[in-house]
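Worksheet: one structure, shown below.
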Amino acid sequence: MLIVADEPQSLVHLASAVDEPLPVVRAAVARLVADFDGVGVGDGVASTGTVRRGFELREVAGGWRIYVRATHDALVTDFVLTQNPSRLSQAALETLAVIAYKQPISRGAVASIRAVNVDGVVRTLLGRGLITEAFTDSETGAINYATTDLLLTQLGINSLDELPHLSPLLSDGAEGFEDLR
């Protein structure tokens with residue numbers, strides 16, 4: 001249950017879920033904590049120990065949850081962000097394209113170009129490490145965003161200069177305006 005739960009689980013909730021008395025569940029959680037930490041506990045007495053796991057069982061927010069050990073955090077973060085990337089929404093891709101081509105650019109300027117609110121999308125892109133806060137404009141206080149090296153890695157390019165030029169893809173605006181005299 002602790003592996004599949006997305007929120008910390010209280011001892012009371014765990015006890016009711018497995019239909020066991022609270023002291024039994026409390027002892028089981030203590031044994032798991034000791035086992036994951038590499039400290040063997042048999043019948044309440046410390047023993048030779050086990051292998052220290054790459055994860056730990058932590059008590060947080062009134063419950064118990066499995067976490068990656070801090071010593072492995074960078075490795076897991078790298079895996080999640082680069083080895084197993086999840087797909088971006090169309091809105092995120094469009095926002096990322098605007099930032100890549102116009103950087104450094106403020107959130108307001110991106111919203112103006114896309115004609116929609118981009119606050120949530122920018123937070124998502126920041127959280128995934130694809131963009132970063134480049135600087136804060138001293139006059140307006142607006143944060144300007146730029147892309148990161150992680151984006152280059154994900155796109156398989158060395159620099160933003162390798163992005164395709166947009167001008168050949170855009171219409172010259174002549175269509176539909178032939179005879180407006």
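Being a predicted model, the structure only gives us computed values, none of them experimental. Because only heavy atoms are used, hydrogens play no part in the values below, and waters and symmetry mates are left out as well, while side chains stay in.
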Next item on the list: Supply the atom-to-atom distance Glu56 CD to His72 NE2, rounded to the nearest 0.5 angstrom.
Entry: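 NE2 of His72 is found 9.5 Å from CD of Glu56.
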Next item on the list: Calculate, to the nearest 0.5 Å, the distance between atoms OG1 and CD1 belonging to Thr132 and Ile99 respectively.
Entry: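 These two atoms lie 10.5 Å from each other.
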Donor-acceptor pair, distance only, cut-off 3.5 Å: does the side chain of [X] make one with the backbone of [Y]?
{"X": "Gln9", "Y": "Glu7", "value": "yes"}
{"X": "Thr95", "Y": "Val121", "value": "no"}
{"X": "Ser159", "Y": "Asp161", "value": "yes"}

Determine whether [X] and [Y] fall in the same hydrophobic cluster, where Ile, Leu, Val, Met, Phe, Trp and Tyr are linked whenever their side-chain heavy atoms lie under 4.5 Å apart.
{"X": "Ile131", "Y": "Leu163", "result": "yes"}
{"X": "Leu93", "Y": "Ile157", "result": "yes"}
{"X": "Val33", "Y": "Phe36", "result": "yes"}
{"X": "Leu22", "Y": "Val18", "result": "yes"}
{"X": "Val60", "Y": "Leu57", "result": "no"}

Check: Ring centroid separation for Phe55 and Tyr67, is it under 6.0 angstrom?
Finding: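 Here the rings of Tyr67 and Phe55 have centres that are no less than 6.0 Å from each other.
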Checklist line | side-chain contact (heavy atoms from CB on, under 4.5 Å) partner of Leu152, the single match among Asp149, Leu155, Leu150 | finding: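 Running side-chain contact (heavy atoms from CB on, under 4.5 Å) over Asp149, Leu155, Leu150 with Leu152 returns exactly one hit, Asp149.
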Check: Salt-bridged, Asp37 to Arg69, with N to O below 4.0 Å?
Finding: yes
Margin query: Less than 4.0 angstrom from a charged side-chain N to a carboxylate O is my criterion; do Glu94 and Arg114 meet it?
Written below: yes
Next item on the list: Count the heavy atoms of every other residue, nucleotide or ligand shown that sit under 6.0 Å from NE2 of His13, and state whether that count exceeds 12.
Entry: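 At most 12 heavy atoms, drawn from other residues, nucleotides or ligands, come within 6.0 Å of this atom.
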Next item on the list: Report yes if the side chains of Leu130 and Leu88 come closer than 4.5 Å at any heavy-atom pair, otherwise no.
Entry: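 The answer is yes, as the side chains (C-beta and beyond) meet within the 4.5 Å cut-off.
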Please name the pair of heavy atoms, one in [X] and one in [Y], separated by the smallest distance, quoted to 0.1 Å.
{"X": "Gln103", "Y": "Tyr145", "answer": "CB-O, 3.7 Å"}
{"X": "Met1", "Y": "Ala17", "answer": "CE-CB, 3.4 Å"}
{"X": "Val68", "Y": "Val76", "answer": "CG1-CG2, 3.7 Å"}
{"X": "Leu96", "Y": "Leu125", "answer": "N-CD1, 4.0 Å"}
{"X": "Tyr101", "Y": "Pro164", "answer": "OH-O, 2.6 Å"}
{"X": "Val25", "Y": "Leu14", "answer": "CG1-CB, 3.8 Å"}

Next item on the list: Verify side chain to side chain contact (heavy atoms under 4.5 Å, CB included) between Ile66 and Arg58, making sure each step is shown before the conclusion.
Entry: CA-CA 6 Å; Ile66 295 176; Arg58 255 191 256 160; over 6 Å; no
Next item on the list: Walk me through it: do Ile113 and Lys102 pass the test side chain to side chain contact (heavy atoms under 4.5 Å, CB included)?
Entry: CA-CA 10 Å; Ile113 291 169; Lys102 304 285 280 180; 4.1 Å; yes
